[in-house]
Amino acid sequence: MSKKQTAPKKPKLVSSTPRPAREEAEAAIRTLLAWVGENPEREGLRDTPRRVIKAFDEYCAGYNMNAGDILAKTFSETGGYDGAVLVKHIEFESRCEHHLAPFLGKAHISYIPSGKIVGLSKIARLVDMYARRLQTQERLTSEITNALQKHLKPKGIAVMLEAEHFCMKVRGVHKDHAVTVTTRFTGEYQKDDDLREEFFAQVRG
């Protein structure tokens with residue numbers, strides 16, 4: 001007997017607003033298809049509402065994740081290493097909360113440990129968690145920084161995000177190659193100009 005398939009977890013609400021049923025969400029997509037002038041019942045579009053909502057389960061999977069779970073496991077055995085830990089070129093995909101258009105980019109994250117380190121893959125997972133929500137790049141930068149500060153309490157954090165926004169590429173101003181850069185620094189990175197310059201040099205190097 002095959003295992004019973006379970007439905008994907010529902011994204012958690014970030015407000016107290018009641019969450020519509022999946023059927024209501026699919027009905028909203030059918031309404032949108034009709035609004036643009038299409039026939040939601042024609043063969044090519046009949047299953048589109050279901051596919052779109054299933055895709056949003058992936059796009060917004062970050063609402064089901066918790067930073068504390070991702071960063072819970074740390075290690076204190078560093079062999080005396082007390083320098084910065086940089087993970088750069090972490091690819092991410094998110095969606096602009098203003099137009100639901102994607103923005104794609106890379107995150108560069110460095111922290112100076114204060115007695116404990118975290119597995120490198122966890123930093124990438126943290127980026128994915130916040131990116132897989134409706135976002136602005138500015139808030140995404142802050143949320144990653146705040147989570148690292150709360151759970152690792154390092155001596156300093158440097159976060160830099162570079163992204164291309166499709167709300168600028170395919171609509172509005174139609175600027176195909178514009179790149180948005182956001183940064184945030186805490187602790188020693190905030191106080192030490194040379195340390196920030198070293199971070200930028202390592203990212204660009």
Side-chain angles (χ1 to χ4, degrees), residues 6 8-14 55-97 102-164 179-192 194-205:
T6 58
K9 290 183 178 180
K10 296 179 180 180
K12 297 175 182 177
L13 287 175
V14 294
F56 267 81
D57 282 334
E58 296 181 33
Y59 300 155
C60 297
Y63 290 110
N64 292 323
M65 303 176 191
N66 181 278
D69 294 337
I70 293 172
L71 300 175
K73 179 66 173 178
T74 59
F75 306 91
S76 58
E77 295 181 357
T78 63
Y81 182 81
D82 59 0
V85 178
L86 169 64
V87 184
K88 63 180 183 178
H89 303 309
I90 303 170
E91 295 181 350
F92 70 85
E93 172 189 338
S94 191
R95 269 161 182 75
C96 164
E97 65 182 27
F103 63 96
L104 315 176
K106 294 180 180 180
H108 317 288
I109 299 174
S110 181
Y111 73 99
I112 303 172
S114 179
K116 60 183 178 181
I117 58 174
V118 70
L120 301 178
S121 67
K122 305 302 184 183
I123 296 176
R125 290 182 187 278
L126 184 71
V127 173
D128 282 344
M129 185 196 91
Y130 286 115
R132 289 184 176 274
R133 299 179 179 188
L134 301 183
Q135 278 289 12
T136 65
Q137 185 173 329
E138 295 87 344
R139 186 171 69 238
L140 179 58
T141 306
S142 291
E143 287 180 336
I144 293 168
T145 308
N146 294 342
L148 289 170
Q149 183 63 47
K150 177 180 179 180
H151 297 286
L152 297 186
K153 296 180 173 57
K155 297 176 182 177
I157 300 169
V159 175
M160 177 179 178
L161 268 56
E162 302 174 285
E164 293 188 46
V179 176
T180 300
V181 180
T182 51
T183 58
R184 189 168 180 199
F185 304 99
T186 70
E188 293 187 14
Y189 278 108
Q190 191 175 38
K191 295 182 291 186
D192 192 328
D194 291 337
L195 201 55
R196 287 198 303 276
E197 288 302 318
E198 181 181 351
F199 168 75
F200 288 126
Q202 288 177 325
V203 168
R204 300 303 187 195

Any donor and acceptor pair, going by atom type alone, linking the side chain of [X] with main-chain N or O of [Y] inside 3.5 Å?
X: Y189; Y: Y111; value: no
X: K88; Y: Q202; value: yes
X: D192; Y: E188; value: no

Return the minimal non-hydrogen interatomic distance between [X] and [Y], and the atom names on each side.
X: Q137; Y: T182; answer: NE2-OG1, 3.1 Å
X: S114; Y: K153; answer: CB-O, 3.4 Å
X: L134; Y: Y63; answer: N-OH, 3.3 Å
X: D82; Y: I112; answer: O-CG2, 3.9 Å
X: L71; Y: A147; answer: CD1-O, 3.8 Å
X: P113; Y: G83; answer: CD-O, 3.1 Å

Let me confirm one number: the [atom1]-[atom2] distance from [X] to [Y], rounded to the nearest 0.5 Å.
X: I157; Y: L148; atom1: CD1; atom2: CG; value: 5.0 Å
X: L126; Y: T145; atom1: CG; atom2: OG1; value: 9.5 Å
X: L140; Y: M129; atom1: CG; atom2: CE; value: 10.0 Å
X: K116; Y: K73; atom1: NZ; atom2: NZ; value: 12.0 Å
X: E164; Y: L104; atom1: CD; atom2: CG; value: 7.5 Å
X: K191; Y: R196; atom1: NZ; atom2: CZ; value: 11.5 Å

side-chain contact (heavy atoms from CB on, under 4.5 Å) between L86 and I109, worked out: CA-CA 6 Å; L86 169 64; I109 299 174; 5.8 Å; no
Side chains of [X] and [Y], donor plus acceptor under 3.5 Å:
X: R132; Y: N64; answer: no
X: S94; Y: Q135; answer: no
X: H108; Y: E162; answer: yes

Intermediate values then yes/no, side-chain contact (heavy atoms from CB on, under 4.5 Å), V203 and M160: CA-CA 9 Å; V203 168; M160 177 179 178; 4.2 Å; yes
With the side chain counted from C-beta on, respond yes when S142 and R184 share a heavy-atom pair under 4.5 Å apart, and no when they do not. yes
Looking at I123, I117, T74, which one forms a side-chain contact (heavy atoms from CB on, under 4.5 Å) with L152? T74
Taking everything shown except R125 itself, do over 12 heavy atoms lie less than 6.0 Å from its CZ? no
Set of residues satisfying ring-ring contact (aromatic ring centres under 6.0 Å, His included) with respect to Y59, sequence neighbours excluded: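 Y59: ring-ring contact (aromatic ring centres under 6.0 Å, His included) contacts with F56.
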From CA spacing to verdict: side-chain contact (heavy atoms from CB on, under 4.5 Å), L161, T183: CA-CA 6 Å; L161 268 56; T183 58; over 6 Å; no
Residues F92, F103; criterion side-chain contact (heavy atoms from CB on, under 4.5 Å); working and verdict: CA-CA 9 Å; F92 70 85; F103 63 96; 3.8 Å; yes
